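A short write-up of the structure that comes next.
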Protein chains: 2
Amino acid sequence: MGITDRRAREKEQRRNDIIDAAERIFFIKGFEEATIDEVAELAELSKGTIYLYFKSKNDLALAINTRGQKKLMLLFRSMLPGCHSGFEKLEGIVRSYIDFFNVYPDYAKLALKFGPFHLDKADQTSMEYAHELENYYTLLFSVFDEGIKDGSINPQVDKKSVISFIWGSILGIMKLQQLGDHEILNRWLDIKAVNNFEYISKMMEQLIKR
Amino acid sequence: MGITDRRAREKEQRRNDIIDAAERIFFIKGFEEATIDEVAELAELSKGTIYLYFKSKNDLALAINTRGQKKLMLLFRSMLPGCHSGFEKLEGIVRSYIDFFNVYPDYAKLALKFGPFHLDKADQTSMEYAHELENYYTLLFSVFDEGIKDGSINPQVDKKSVISFIWGSILGIMKLQQLGDHEILNRWLDIKAVNNFEYISKMMEQLIKR
DNA sequence: ATAGTAAATGACTTATAGTCAGTAAATTAT
DNA sequence: ATAATTTACTGACTATAAGTCATTTACTAT
């Protein structure tokens, strides 16, 4: 059925156009200040149509997050072949992660805004995000296992908890970047310095290197 | 002027009553879902009165955060005398911090919700928060200096950036706790484990211990 | 008592997320 | 080609909640 296919393609295209518009608006004005009417106007559609494709403003934000995750995964995939051990790969991922969110702080901002969201199996946006998340963790843990096999990572450590800790630290660094223009914090802290990879690297060596 | 004093006291009391009510409502329903009308009703005041004392819903949240910071400082002050070196004190502060936000996750949730807020010198709430923040960082850095003097902390490290990194990691751990009930994250990560002090402790030893 | 000041009120305005009955366009059937 | 049907889109409308302000009430001083 050629027509059914074309229709599906067109629908997907529309969906993407809407995400494009939403991304522009949300990134320029910030999530709270952005309005769906503005998104609709930029996408040259009516508000009602936006809600035909996305069930809420949050849902739209989730779709943007999914994009960010996808771009991040591409970055990982392009960087990994240059690494020679599991540990190096893990370092590469962490470094790419931090770099990515420095290059695209708007993605970081939006990603951090959302707490635990309900996973809705009937919702495309929700499922796509879940899928990217699975990809991400699958990669992370397979690289970790690789490191254990090739002897670059200490097999004694508790995988789950140590990855959680490292990952948590990175989250915190992202969060800190956002507070960077705060008058008081900036006087006391050196927020830019946190970005250089030195400390994270030391931490990872200490916690997981063989 | 006894009457002027009493009036000032009563005003401060009212302000506190409003914060009490807001805290109850915000913690039960969450910041977004809570309404000022509900706060007003619980405080047995009209909505207009709330806005006489606080210039916005965000301002109210900031006042609650200030309370959290004050409670935290009390915890620090009670714990510090039991420590015998600057490094131990710093560990104690970090531990208290994490414990506090485990005991009062609502304070953590609200604190993390706010990005960089504008410091408004004409606004009591804003200034009180700024003041608590100053107290906090003053303590943190004085403890660090103490550690350098008594030889428990490596004097070579760059104070500002290393504290920023440790502090950032803690932020991330707080953030991770909030994601704890997320189905996917919970399957891959061990979010509770991050809470035990082991990793942070190792990290601090690695980064700053003499 | 009366004027003057400070505190409190709640109806009103404004803004925006989300809905839905109606319209238009594309597709299929006759 | 035309009608019937399905699919996509529209924008006026509803609901909700933040924030305002003219008016009222309570308190203080003379």
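When reading the values below, keep in mind they use all heavy atoms of this one structure, side chains included, and skip hydrogens, waters and symmetry mates. Reminder, nothing fancy here: chain letters follow the sequence lines and each chain counts from 1. Only a predicted model underlies this, so the values are computations on that prediction, with no experimental measurement involved.
Distance CZ (A:Arg14) to C1' (C:dA25): 12 Å, rounded to an integer number of Å. Remark: P of C:dA26 and CD of A:Glu10 are 9 Å apart, rounded to the nearest angstrom. Between the CD1 atom of B:Ile50 and the P atom of C:dA7 there is a distance of 15 Å, rounded to whole Å. Distance A:Tyr53 OH to C:dG18 C1': 18 Å, rounded to the nearest Å. One interatomic measurement links the two molecules: CG of A:Asp5 to P of C:dT27, which rounds to 13 Å at whole-angstrom precision. Separating the CZ atom of A:Phe54 from the C1' atom of D:dC9 is a distance of 16 Å, rounded to the nearest angstrom.
For the 3.5 Å distance criterion, the side chains of B:Thr35 and B:Glu38 qualify, holding a donor opposite an acceptor.
Residue A:Arg187 qualifies as enclosed at atom CZ: its count of foreign heavy atoms under 6.0 Å is above 12.
The pair A:Asp20-A:Arg15 does not count as a salt bridge, with every side-chain nitrogen at least 4.0 angstrom from each carboxylate oxygen.
Screening residues 31-63 of chain A for ring-ring contact (aromatic ring centres under 6.0 Å, His included), with sequence neighbours left out, gives A:Phe26-A:Phe31, A:Phe31-A:Phe114.
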Between protein and nucleic acid, restricted to nucleotides 24-27 of chain D and to nitrogen or oxygen atoms under 3.5 Å apart, what atom pairs and distances do you find?
unit_1 : atom_1 : unit_2 : atom_2 : d
D:dC27 : O3'    : B:Arg7 : NH2    : 3.3

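Taking CG of A:Asp59 as the reference point, atom OG of A:Ser126 lies at 7.5 Å (rounded to 0.5 Å). To the nearest 0.5 Å, atoms CG (A:Leu176) and CG (B:Leu171) are separated by 6.0 Å. Between the NZ atom in A:Lys70 and the NE2 atom in A:His131 there is a gap of 9.0 Å [rounded to 0.5 Å].
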Between protein and nucleotides 11-22 of chain D, map the contacts as a letter string: B base, S sugar-phosphate only, - none, heavy atoms under 4.0 Å, written 5' to 3'.
-> B-----SBBBB-
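Using a 4.5 Å heavy-atom threshold, the side chains of B:Glu12 and B:Asn16 count as touching.
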